[in-house]
Structure formats: structure tokens, C-alpha cells
Visitor: 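Below are the C-alpha cells for one structure; questions will follow.
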Amino acid sequence: MDTTHETKVSETLERLHRADSLDALEAVRVEALGKKGWLSQLMKTLGAMDPEQRKAEGPRIQGLRTRVSDAIEARKAVLEAAALEAQLATETLDLTLPAPRTPQGSVHPVSQVMDELAEIFADLGFSVATGPEIEDDWRNFTALNMPESHPARAMHDTFYFPDRDGSGNRMLLRTHTSPVQIRAMKQQGAPIRIIAPGRVYRSDSDATHTPMFHQIEGLVIDRSIHLGHLKWTLETFLKAFFETEDIVLRLRPSYFPFTEPSVEVDVGFALEGGRRMLGGSGDAPGHGWMELLGSGMVNARVIEMAGLDPAEWQGFAFGVGVDRLAMLKYGMDDLRAFFDGDARWLSHYGYSAFDVPTLSGGVGAPRGVGA
Ligand code: 2U9
């Protein structure tokens, strides 16, 4: 046994025992096991020995190394535990400090208005129906009394797919949500009371038209439904939506292929400081009428094509742009901004998911409406 090496090991173990910080420990480790450390140098001498000598010396030197490195690890564990203890004893956590701010999303005005509408119509006994945005020609046009040659198809210019339906017509992006009502009538029959909210598409683009926009359509089919029911329903809905009793409607004769008679609905407003404020008759001095939505009694041919007997069943339908309703209620003036995804616009016009809801689910309507 080489007593010099044993002495070195004892010395190293002694110094390790005295090392009172991780830095001090590291210094001892480097002196023994660092590149130039005495134990590393000793290990190197093994390479220069002849095989017989190496066989005798190898296990001994390796044993020294193991004793030293085990002792280093053991001391390191003790010092690390002590360092953690010390840190825990001195560090405190102030739970009263404000939490760091995390970016917060908001509810898009279209989603907000959709929710409000679903709630208002739920109170009137309507359920929500949905359907695909890619439709066939029959459900989007023909079943709504717009056969292939019908001129009204031109107003619904849309986006077509190369894929064809069973009749050889190209599939298309729906131009209104009406195909949803056709599906519902065929599946559920009558009576029926539904709203169909969703995205619709037309080849149109300017400040008030985007190629994709949102619609909500309503459909009531029952026995003995008449225009009076339509007028009451629309009036009740608009009063709840705009959160005011002062809503005056004007029903104007119009034409849609899917309704007969067809009625366009205007709402009275007052001009106050250049802003349109809903309320009052549009015929009063300083007032005007603003077109809001389209509606009518469902055309008997549509009822028939949906598989119901028009002698037994009749009803009313209406359609309105959800984006337009949002603009009017919340005062935005450019429809395109709705779909730009600009975070600044969204944080200005978006709604907190935690806002206290009003009766309609809205967050309190400013009475001024967009130009
Ligand atoms: C069925 C039968 C009839 C839905 C109707 C309108 C009138 C209408 C426009 C409002 C603004 C479209 O978003 S808009 O550009 N809609 O004027 N929509 S009646 O009539 C239907 C729907 C389904 C089965």
C-alpha cells in the first residue's frame, strides 16, 4: 500500500469535510479530480505501466478515486440541502402583490350579438338550427323558389366548387342560411319555430359588403300564422335587442322569391347632432326611416318543395345581417374591420366574457347608431 496516496486521500476527505460552501467544495474537487488534479494525474500513470503492474495498481488507484468522488457527491448533497434551507429561511413570498398581467382575449361583437339573438328568440320559443356552409344548388336556390333561370340568382352571386351534387350541379358556398330551414322542414316537418344563424357568402366587397358575412334567419310554420304574428315578433325582438321600448316599424311591400307577400322592415330614427338615434316615427320632423331587415309570408311553393301541404301549413320568415345589427347597436361604421383581426379594434369593440349580462345578454346599449 502506498501510504503517500492514503495520506492524500485522508487530506482530501478532511478538506471536503471542512468545505462550507459549494464553491469551496468545487475547489477541493478540482485539486483532486480536475484535469491537473493529483488523482487524475495518478490515473494517467496507469497508462504508462506494464500490464502486470497495471493489474496490481489499477484496482487500488480506482478505489482511491471512487472513495474521493463518493465523498464529493455526499458532501455536495449536504451543502445543497443546506443552501436550500437557507434560501427558504430568508426568502418570503408577498401574496398581496398584484399578479403579472396576462393578455386577455375578448368576445367578438358578432359572437356577442349572435348570443344575444339566440337568447331573445329562445324566450319567444325559437330553437337554434344550424347546417353546412357548403350547400347544393337545390337547397340554396331551387327549393327557395329560385329555379336555374331565375334573375334573383344574380343577386346571390357566390363561390362555386368543382365538385358536383347528385343532379350534376356544382356545390357552392351558401348565400343565405335559408337552406338550413329547408333541411329542418324536411327533417322535422311542422309546426316549426327556429332561427338559423351563421356565415353566408356572396361575391361582394365594399365598406358595407364583405364576401363573407353573418345572417340570422327566422322561420315559423304552423296553422293560421299571419302577418300580424310576423310584425309582433319582429317588434318584440327589436325592442329586446336595442333595449328600448321606443322602436317604431314601417312595413314596406317588397319582393323576395321565397316569400309572398314580401315585406321590408324599416325602423324610425332621429338625427341628433349628425348621429342616428333609433326611436320615434321616421315620418316625424327631423326623423327618417332606416331599412333593417327583410321578411314575409313563406311562399306556398317553398312550403310545398319542403314536403309540407301549403293548404294546412303556412308561416312567416325573416332575414337580417348580424354584422349590420352589431354595427347599429354598438356604433361601428366599417364592416370590413369586423374581419381584419386587428387586435386593437378587437380590444376596443370586443366584450369581456365576464361582463354582467343585461336582459338580452347585451352589455347595455348606447342609443347612438352608426352613420
Ligand atoms: C325559408 C323561407 C323563407 C328568409 C328571408 C329575407 C326576407 C331577407 C336579407 C336580410 C339582409 C338577407 O342578410 S341580408 O342581406 N334577407 O331580406 N330573408 S325573407 O326567408 C326564408 C327563409 C327560409 C324556408
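First listed ligand is number 1; within each ligand, the first listed atom is number 1. Positions are given from 1 along the sequence.
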Visitor: How far is atom 21 (C) of ligand 1 from its nearest protein heavy atom, and which residue and atom is that?
Guide: Ala317 CB, 3.4 Å
Visitor: Name the residue from Thr158, Asn140, Asp157 that meets the side-chain hydrogen bond (donor to acceptor under 3.5 Å, both in side chains) definition with Thr175.
Guide: Asn140
Visitor: Which protein heavy atom lies closest to atom 13 (O) of ligand 1, and at what distance to 0.1 Å?
Guide: Gln215 NE2, 2.9 Å
Visitor: Considering non-hydrogen atoms of the protein only, which is the closest contact for atom 11 (C) of ligand 1, and what is the distance?
Guide: Gly321 N, 4.0 Å
Visitor: Measure the distance from atom 1 (C) of ligand 1 to every protein heavy atom, then report the residue, atom name and distance (to 0.1 Å) of the closest one.
Guide: Leu144 CD2, 3.7 Å
Visitor: Looking only at protein heavy atoms, which one is nearest to atom 8 (C) of ligand 1, and what is the separation?
Guide: Gly294 CA, 3.7 Å
Visitor: Looking only at protein heavy atoms, identify the closest one to atom 10 (C) of ligand 1 and say how far it is in Å.
Guide: Gly319 O, 3.1 Å
Visitor: Atom 5 (C) of ligand 1: which protein heavy atom is closest, and how many Å away?
Guide: Phe258 CE1, 3.6 Å
Visitor: Over all heavy atoms of both residues, which pair between Phe339 and Met212 is shortest? Give the atoms and the distance, please.
Guide: CE1-O, 3.7 Å
Visitor: Kindly state whether the ring of Phe258 and the ring of His176 have centres lying under 6.0 angstrom apart.
Guide: yes
Visitor: Nearest protein heavy atom to atom 23 (C) of ligand 1, by residue and atom, and its distance?
Guide: Gln181 NE2, 3.4 Å
Visitor: Measuring from the heavy atoms of Glu217, does anything fall under 4.0 Å of ligand 1?
Guide: yes
Visitor: Taking the six-membered ring for Trp and the full ring for Phe, Tyr or His, determine whether the centres of Phe242 and Phe269 are under 6.0 Å apart.
Guide: no
Visitor: Do Gln87 and Glu91 pair up side chain to side chain, a donor and an acceptor below 3.5 Å, judged on atom types alone?
Guide: yes
Visitor: Under 4.0 Å, heavy atoms only, figure out whether ligand 1 is touched by the backbone of Ser295, its side chain, both or neither.
Guide: backbone
Visitor: Taking atom NZ of Lys239 as the centre, report whether more than 12 heavy atoms of other residues, nucleotides or ligands fall under 6.0 Å from it.
Guide: yes
Visitor: For ligand 1, which atoms sit closer than 4.0 Å to a heavy atom of Phe213?
Guide: 13 (O)
Visitor: Does Glu26 pair with Arg29 as a salt bridge, N-O distance under 4.0 Å?
Guide: yes
Visitor: Would you mind telling me which of Val200, Ile182, Val180, Leu172 makes a side chain to side chain contact (heavy atoms under 4.5 Å, CB included) with Glu135?
Guide: Leu172
